[in-house]
Each structure stands twice: as structure tokens, then as C-alpha cells.
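This report concerns only the one structure given below.
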Amino acid sequence: MKNSDPNWFLRARLKTRQLLLLIALDDERNIHRAANELNMTQPAASKQLKDLEDMLGVTLFDRLPRGMRPTIYGEAMIRHSRMALTSLSKAHEDIVALKSGLSGQVDVGVILSPGLSLVPAAIARVKEHSPMLRIGVEVESSNILLARLLRGDLDFLVARILDEEVSHNLHYEELSDEPICAVARVGHPLHEHKNMTLKDIVDHPWIMAPKGSILRSRVDLMFRKSGLTPPANVVDTTAILTITSLLQQTDFLYAMPTEVARYYSQARLMDLLPIELPCKMDGFGIITRREQLLSPGATILQQAIRDVAKTIY
């Protein structure tokens with residue numbers, strides 16, 4: 001098999017059954033249990049695996065005394081097998097939806113800030129013209145969403161690329177950066193402070209993102225660049241319910257993306273302090289897998305996100 005042959009699987013007559021077997025072996029780590037899962041005999045499963053290994057010229061699984069373990073080659077084939085089967089499953093879902101008079105399914109992953117304003121506004125715009133398009137939204141951190149995108153579980157993301165090692169498999173279209181602001185409870189004495197500086201707020205109690213997070217690193221660096229030691233009286237959490245409750249009950253301060261803060265400020269759960277922080281997060285944008293063929297629904301939603309981003313940012 002040539003390394004540069006993009007259609008090797010056609011000439012090798014790769015079977016869907018072999019892809020299912022790879023996934024079953026990865027899940028079960030035992031040839032007998034994997035064969036049972038697929039309703040086939042163990043000798044038939046062993047032959048299919050050997051045929052695939054002979055075809056590829058590599059060992060996909062190490063045979064151990066008490067089971068099997070995928071090699072690095074096996075892990076690569078398992079990952080792509082899952083993606084291929086997920087794509088085929090979605091194709092069937094689209095066909096069923098179209099036959100039922102619907103417009104298909106699109107699943108998007110989004111980080112918190114654009115998940116509060118940008119994506120909901122885009123969905124509302126799409127639904128005006130395509131009311132039967134089914135849209136699934138998952139809000140999570142960028143790294144978790146990227147893993148789901150690479151597995152084929154999501155059509156595209158509105159998120160950040162944090163790991164350069166995976167960026168070559170992805171296409172990134174930046175939409176905006178993300179400024180940070182300081183917030184406190186409604187009626188906090190600092191809201192009346194004039195010409196506020198970092199020195200005025202550094203010694204107050206703070207709620208912070210956990211150490212090691214990007215937001216915590218940016219906020220700590222902001223204070224250090226101003227010649228100040230970062231706050232010491234700190235509660236570490238990212239749980240928004242805990243954060244809003246603490247802010248309402250105490251005089252704690254919190255640094256968060258400005259767009260998210262404005263959303264909660266409109267609900268009178270907190271207020272932005274009168275200070276412009278010299279701090280922002282990396283930009284976020286639309287992320288897709290390279291050479292990915294988007295469904296019509298995903299293409300429509302992507303364009304709506306671009307259009308709404310121009311009005312917001």
C-alpha cells in the first residue's frame with residue numbers, strides 16, 4: 001500500500017464490518033467478546049482483523065495473555081473508523097429527516113461567551129427561514145469541544161484552538177477576541193469609585209478561575225505587569241451558579257469575559273465595575289475539520305453566525 005494513495009480502501013475492499021470490529025475490540029479489549037458483540041464467530045473476527053493488518057502491513061492490536069491492546073497504528077485506525085461510522089450514521093439521519101419533511105440535523109459546540117449572544121441570535125435567524133432544521137448546541141470548554149469535533153460528534157465549533165498539535169487537522173476562521181472585565185454585586189461600594197485602578201481592587205476578596213486555566217493566568221499576569229502581587233484572598237471556581245451566589249451574598253470581585261458579564265448584568269445578578277482591565281482572552285472563531293463536507297444545515301448556521309458576528313463585534 002502506497003502512503004500517498006488516498007483511495008487505498010477502495011482497492012483493498014475495506015469492509016464496514018472491519019471498522020465495526022476495530023471499535024468493538026477497542027471497547028471490549030477481547031476478541032471473543034468483540035465477536036459476540038457483532039454476532040460473529042471468534043475465528044471469523046480473527047480472520048477479518050488479520051486480513052486488515054495484512055492489508056495495511058502493520059499490527060493493529062498487541063495480543064496479550066488476558067486480552068488485546070491497540071498499537072499506535074490501531075489507535076489511528078480506530079479513531080478514523082469512529083469518525084467514518086459517525087458520518088455515515090448522520091447521513092442516514094439526514095435522509096430520514098428529509099423524507100419526513102424536515103431539513104436535517106446540525107450539531108454545534110460553543111464556548112460560553114458566544115454561547116450567550118452570538119450563537120442564540122444566529123439560531124433565531126436561521127429558524128425564521130428553516131423552522132424544521134434541528135439544531136443541537138453543546139456548551140463546553142474549547143479542549144473538550146475540539147476532542148468531540150475530531151471524533152466527528154459535532155459538525156463545527158465556535159471556540160478557540162489551544163493546542164497547536166491539533167491545529168493542522170482543523171480550519172479556523174476568527175470572529176473576535178474576548179475582553180475581560182471586573183464585576184461585583186449590585187450595590188457594591190466600588191461601583192461609586194472614581195478613576196479606579198488595579199491598585200484599588202487588588203486587595204479585595206476575589207473569585208478566580210482555577211490555577212492553570214487561561215483566564216487565571218491572564219488575570220494574574222495583568223496584576224504582575226502593573227507591579228502588583230495577584231490577589232491572595234481567593235475562591236477558585238468556574239461554577240457560574242456558585243459565582244453568582246457568592247457575588248450576591250458578599251463583596252467578592254470576579255474577572256470574566258465582558259460579553260458574559262453584560263448578559264448577567266442585564267439580569268441584575270451582578271454589575272460591571274467602572275474600570276477597563278488591560279486583559280483579554282485569545283480570539284475565538286468557527287472551527288471545522290479540514291476536508292470536511294458540511295451538511296446544508298451546518299452551512300446555513302455557519303453563515304448566520306458570520307452575519308450576526310459582524311453586527312455584534
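Every value quoted in this text rests on a predicted model; they were computed, and no experiment measured them.
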State, to 0.1 Å, how close Leu246 and Thr250 come at their nearest heavy-atom pair, and which atoms those are. O-OG1, 2.6 Å
Say whether, by atom type as modelled, one donor and one acceptor occur between the side chain of Arg125 and the main chain of Ala304 under 3.5 angstrom. no
Testing Leu247, Val183, Leu190 for side chain to side chain contact (heavy atoms under 4.5 Å, CB included) with Leu253, which one passes? Leu190
Here's a test for you: under side chain to side chain contact (heavy atoms under 4.5 Å, CB included), which of Asp26, Leu38, Thr16 qualifies with Leu21? Leu38
Derivation and outcome, side chain to side chain contact (heavy atoms under 4.5 Å, CB included), residues Ile305 and Leu118: CA-CA 7 Å; Ile305 289 172; Leu118 172 61; 3.9 Å; yes
Side chains of Ser217 and Asp220, donor plus acceptor under 3.5 Å: no
For Arg66, side chain to side chain donor-acceptor pair (under 3.5 Å) partners two or more places apart: none
Is any NZ, NE, NH1 or NH2 atom of the basic residue among Asp54 and Lys47 found under 4.0 Å from an Asp or Glu carboxylate oxygen of the other? no
Heavy atoms, side chains only, cut-off 4.5 Å: are Ile180 and Met222 in contact? no
Can you name the salt bridge (Lys or Arg N to Asp or Glu O under 4.0 Å) partners of Arg268, sequence neighbours left out? Asp271
Stepwise side chain to side chain contact (heavy atoms under 4.5 Å, CB included) check, Ile123 with Leu301: CA-CA 7 Å; Ile123 290 174; Leu301 181 57; 4.1 Å; yes
For Val202 and Pro230, which heavy atoms make the closest approach, and how far apart are they? CG2-C, 4.4 Å
Partner set under salt bridge (Lys or Arg N to Asp or Glu O under 4.0 Å) for Arg17, not counting sequence neighbours: none
Taking atom types as modelled and ignoring hydrogens, do the side chains of Arg262 and Gln266 form a donor-acceptor contact shorter than 3.5 angstrom? no
With a 3.5 Å distance limit and no angle check, can you tell me whether Arg63 reaches the backbone of Phe61 through a side-chain donor-acceptor pair? yes
Please answer whether the main-chain N or O of Asp155 pairs with a side-chain N or O of Gln292 as donor and acceptor at a distance below 3.5 Å. yes
Excluding sequence neighbours, so at least two apart, what forms ring-ring contact (aromatic ring centres under 6.0 Å, His included) with Phe223? Trp206
Side-chain donor/acceptor of Arg290 to backbone N/O of Leu170, under 3.5 Å: yes
Any side chain to side chain donor-acceptor pair (under 3.5 Å) involving residues 223-238? Give me the pairs, sequence neighbours left out, ordered by first then second residue. Arg216-Asp236
What residues, two or more places apart in sequence or in another chain, satisfy ring-ring contact (aromatic ring centres under 6.0 Å, His included) together with Tyr313? Phe284
Scanning both residues in full, the closest heavy-atom pair of Asp107 with Asp153 reads CB-O, 4.2 Å
